Protein chains: 2
Amino acid sequence: DAEPVLGGGPGGACRARRLYVSFREVGWHRWVIAPRGFLANYCQGQCALPVALSGSGGPPALNHAVLRALMHAAAPGAADLPCCVPARLSPISVLFFDNSDNVVLRQYEDMVVDECGCR
Amino acid sequence: DAEPVLGGGPGGACRARRLYVSFREVGWHRWVIAPRGFLANYCQGQCALPVALSGSGGPPALNHAVLRALMHAAAPGAADLPCCVPARLSPISVLFFDNSDNVVLRQYEDMVVDECGCR
């Protein structure tokens, strides 16, 4: 998959940001053989209009999210803006020791964020 | 569909909250004939562990969301908590005047939040 549009400051429109996660950080290094970590990425950014409509070229926003962005524009106190969250994800394969110390290779779904959207 | 678990204070775990939206509020009353509004509901609440795992009985959380909740627990500054967002939605039918003043009945997808989840 194409590299997500990464980099840039924390602000700005809702989009994918680069985030490398090492399994040591979450204490999984004791049972995960490989990989040592992976590019999980994460979503961050504003879901105000008009971004909430298209999610910066990504998947179309939920009608509900558009409605909330409209409500927020009409009366900011009336509704929070939609949240910038993963909209398209990919799996990774992990080699690990199971509880009986067998070596197992398994694919974990929804581990890598490819694209973000406003929900 | 079953009424979402509504009511209760703004805090607490991620779940659906009641929200009636009148089309007048978003300026759609000029072209929408019916309904005048509908129960759109919205999602609010914490996505910390263990809620992030099951989303209070709702759909299972994304593996990516569980990973982020683990990272947040290990080092709060390292990652934001996942966001509480709509996970299951329903459509509504709307009767409206189109640009040529014809009366049109159309179903709009993803307008009512039935269930929330952590993403």
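It should be emphasised that the depicted structure is a prediction, and the values quoted were computed from it without experimental measurement. Within every chain, numbering begins at 1; the chains are lettered A, B, ... in the order of the sequence lines, protein sequences first and strands thereafter.
When hydrophobic side chains of Ile, Leu, Val, Met, Phe, Trp and Tyr are connected at separations under 4.5 Å, B:Val85 ends up clustered with A:Val85.
Residue contact with chain A, scored on non-hydrogen atoms closer than 4.5 Å, involves the side chain of B:Ala74 exclusively. Of the atoms belonging to A:Phe23, not a single heavy atom falls under 4.5 Å from chain B. Contact annotation for A:Leu70: both backbone and side-chain heavy atoms come within less than 4.5 Å of a heavy atom of chain B.
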Just list the donor-acceptor pairs under 3.5 angstrom between chain B and chain A, please.
from: B:Ala40; atom 1: O; to: A:His64; atom 2: NE2; distance (Å): 3.4
from: B:Asn41; atom 1: O; to: A:His64; atom 2: NE2; distance (Å): 2.7
from: B:Asn63; atom 1: ND2; to: A:Glu109; atom 2: O; distance (Å): 2.7
from: B:His64; atom 1: N; to: A:Asp110; atom 2: O; distance (Å): 3.0
from: B:His64; atom 1: NE2; to: A:Ala40; atom 2: O; distance (Å): 3.4
from: B:His64; atom 1: NE2; to: A:Asn41; atom 2: O; distance (Å): 2.7
from: B:Pro86; atom 1: O; to: A:Arg119; atom 2: NE; distance (Å): 2.9
from: B:Pro86; atom 1: O; to: A:Arg119; atom 2: NH2; distance (Å): 3.1
from: B:Glu109; atom 1: O; to: A:Asn63; atom 2: ND2; distance (Å): 2.8
from: B:Asp110; atom 1: O; to: A:His64; atom 2: N; distance (Å): 3.0
from: B:Arg119; atom 1: NH1; to: A:Pro86; atom 2: O; distance (Å): 2.4

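B:Ile33 is linked by a side-chain contact (heavy atoms from CB on, under 4.5 Å) to B:Leu95, B:Phe97, B:Val103, counting only residues two or more places apart in sequence or in another chain.
For the two cysteine residues B:Cys83 and A:Cys83, the thiol sulfurs sit under 2.5 Å apart.
Grouping the Ile, Leu, Val, Met, Phe, Trp and Tyr side chains by contacts below 4.5 angstrom, directly or via other members, places A:Leu19 apart from B:Leu81.
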